[in-house]
Each structure stands twice: as structure tokens, then as C-alpha cells.
Amino acid sequence: MNEQRKKLLLIDDNEVVRIMFSNLFWLHGLDEKYDLSVISRVDDAEAYISNPDKCPDIVFSGLVMPFTKDGKTTTSPEAGFSLLKRIKNDPATKDIAVVIFSSYKDKEYQDQALALGAKMYLQKSENMPQDLINTISCLNTNK
């Protein structure tokens, strides 16, 4: 009767968001259902996801984050989109449910994320804690 917990990965460069996300898990008892890992950089997330022992079932990813391109660190929406493309184009990771988790409200970004294979585009807002809990519950029932 001991069900294996799903692996969930949060990738966000904002420390406050990472702490809030982790605390929500604890407050709502989700730490009993999920193994939560938290990473602050896209570059680190790519290595983490590539490891078959750590590969998550669900990824919440920020959109605008620092990443390394051509030997330079830059911050742009390309960070989240390139990670999403990499996950969805790799046969080993294409089934990971990816939620883009961003404060950007641009419909263009939302449409692009969904076109690239994101399961959802969740906007950071004042309702963020309850939105996160609802989204996680929805993803758990849809898998």
C-alpha cells in the first residue's frame, strides 16, 4: 500500500518563490505525496533532468531566468522556452508534465509555451498559493 511518490521539480531563480513553494508543500501535506526538488538555474536543471535517477514526473519552470548562452550568462524568456523544448524533444523526457510558472502575462508567451508542449501556463499572482495547490492536484489526477 506504500505508493511511490511522484518527483516534482521547481526551477525558479527567485529565492522567495522557491521558499514559498517548498513551504506550501509542507503546509498542505504534499510532501507525503511528492518528492520536491528545487533548482535556481536552468543549466543545473538540464543536468538534473538528464539524470535517470532524478528525472521528475512534473516540472514547474520559471520563464525568464539566467542561463548560459555562448559562454555568457544572460536572462531572458529564452531560458524557460529552451528548457521546455529540450524536455519535449527528448524521447526520454517528453512525457514530463511541464508547467510554465511566470509573472509574465503576455498572451504571446502563453501561446508559445502551450505550442511547445507545456501542460499549463500558470501566472504568478496574489492567488499564487491556492493556484499552485489546485494545479498540482489537477496534474496528479490527469496523469
Undergrad: Are any side-chain N or O atoms of D106 and backbone N or O atoms of E108, one a donor and one an acceptor, separated by less than 3.5 Å?
TA: no
Undergrad: Report the residue from T74, T75, V42 that forms a side-chain contact (heavy atoms from CB on, under 4.5 Å) with M65.
TA: V42
Undergrad: Could you grab the distance from atom OH of Y34 to atom NZ of K6, nearest 0.5 Å is fine?
TA: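 Nearest 0.5 Å value for the OH-NZ distance: 6.5 Å.
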Undergrad: Between E46 and L83, is any pair of side-chain heavy atoms under 4.5 Å apart?
TA: yes
Undergrad: Quick one: pull up CG in N23 and CG in D31 and give me the separation to the nearest 0.5 Å.
TA: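 N23 atom CG to D31 atom CG measures 10.5 Å (nearest 0.5 Å).
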Undergrad: Backbone N or O of D13 within a donor-acceptor pair of the R18 side chain at under 3.5 Å?
TA: yes
Undergrad: Under a 4.5 Å cut-off applied to non-hydrogen side-chain atoms, are M120 and L122 in contact?
TA: no
Undergrad: When the ring centroid of Y121 is compared with that of Y109, is the distance short of 6.0 Å?
TA: no
Undergrad: Check salt bridge (Lys or Arg N to Asp or Glu O under 4.0 Å) between D90 and all other residues, then give those that pass, not counting sequence neighbours.
TA: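 Checked D90 against salt bridge (Lys or Arg N to Asp or Glu O under 4.0 Å); zero matches.
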Undergrad: For T93 and I87, indicate whether the former's side chain and the latter's backbone hold a donor-acceptor pair under 3.5 Å.
TA: yes
Undergrad: So, for G80 and S61, which heavy atoms are closest and what is the spacing to 0.1 Å?
TA: CA-OG, 4.5 Å
Undergrad: Look up atom NZ in K33 and atom CZ in F25, then write down how far apart they are to the nearest 0.5 Å.
TA: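 With rounding to 0.5 Å, NZ (K33) is 10.5 Å from CZ (F25).
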Undergrad: Is the closest side-chain heavy-atom distance between F60 and V98 below 4.5 Å?
TA: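 The answer is no; the side chains never approach within 4.5 Å.
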Undergrad: To the nearest 0.5 Å, how far apart are CG in D95 and SG in C55?
TA: 10.0 Å
Undergrad: Compare every heavy atom of A118 with every heavy atom of I100, then report the nearest pair and how far apart it is.
TA: CG1-CB, 4.1 Å
Undergrad: Take L9 and I39, measure what side-chain contact (heavy atoms from CB on, under 4.5 Å) needs, and give me the verdict at the end.
TA: CA-CA 7 Å; L9 175 63; I39 293 178; 3.7 Å; yes
Undergrad: With a 4.0 Å cut-off on N to O distance, would you call D12 and K124 a salt bridge?
TA: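 The answer is yes: the pair qualifies as a salt bridge.
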Undergrad: Considering only heavy atoms from C-beta outward, does the side chain of V16 approach that of F21 to under 4.5 Å?
TA: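 Heavy-atom side-chain distance check fails, nothing below 4.5 Å.
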Undergrad: Please find the pair of heavy atoms, one from A79 and one from F67, that lie closest to each other, and give the distance.
TA: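 Closest pair (atom of A79, atom of F67, distance): CB-CD2, 3.3 Å.
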Undergrad: What's the spacing between K119 NZ and I96 CD1 if we round to 0.5 Å?
TA: 13.0 Å
Undergrad: Mark yes or no for whether Q110, through its side chain, and K105, through its backbone, hold a donor-acceptor pair below 3.5 Å.
TA: yes
Undergrad: Can you tell me how far the CD1 atom of I11 sits from the CG atom of L63, to the nearest 0.5 Å?
TA: 11.5 Å
Undergrad: Compare all side-chain heavy atoms of V59 with those of I49 and state whether any distance is below 4.5 angstrom.
TA: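 Contact flag for V59/I49 side chains = yes.
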Undergrad: Can you tell whether the side chains of R41 and D43 come within less than 4.0 Å, N to carboxylate O?
TA: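 A salt bridge is present here (some side-chain N lies under 4.0 Å from a carboxylate O).
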Undergrad: Quick check: closest heavy atoms across N89 and P91, and the distance to 0.1 Å?
TA: O-CD, 3.6 Å
Undergrad: Do you see a donor-acceptor pair shorter than 3.5 Å between the side chains of S37 and Y48?
TA: yes
Undergrad: Which pair of heavy atoms, one from L84 and one from G117, lies closest together, and at what distance?
TA: CD1-C, 4.2 Å
Undergrad: What I want to find out is whether K7 reaches D35 closely enough, with some N-O distance under 4.0 Å, to be called a salt bridge.
TA: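 Here K7 does not pair with D35 in a salt bridge, since their nearest N and O are not under 4.0 Å apart.
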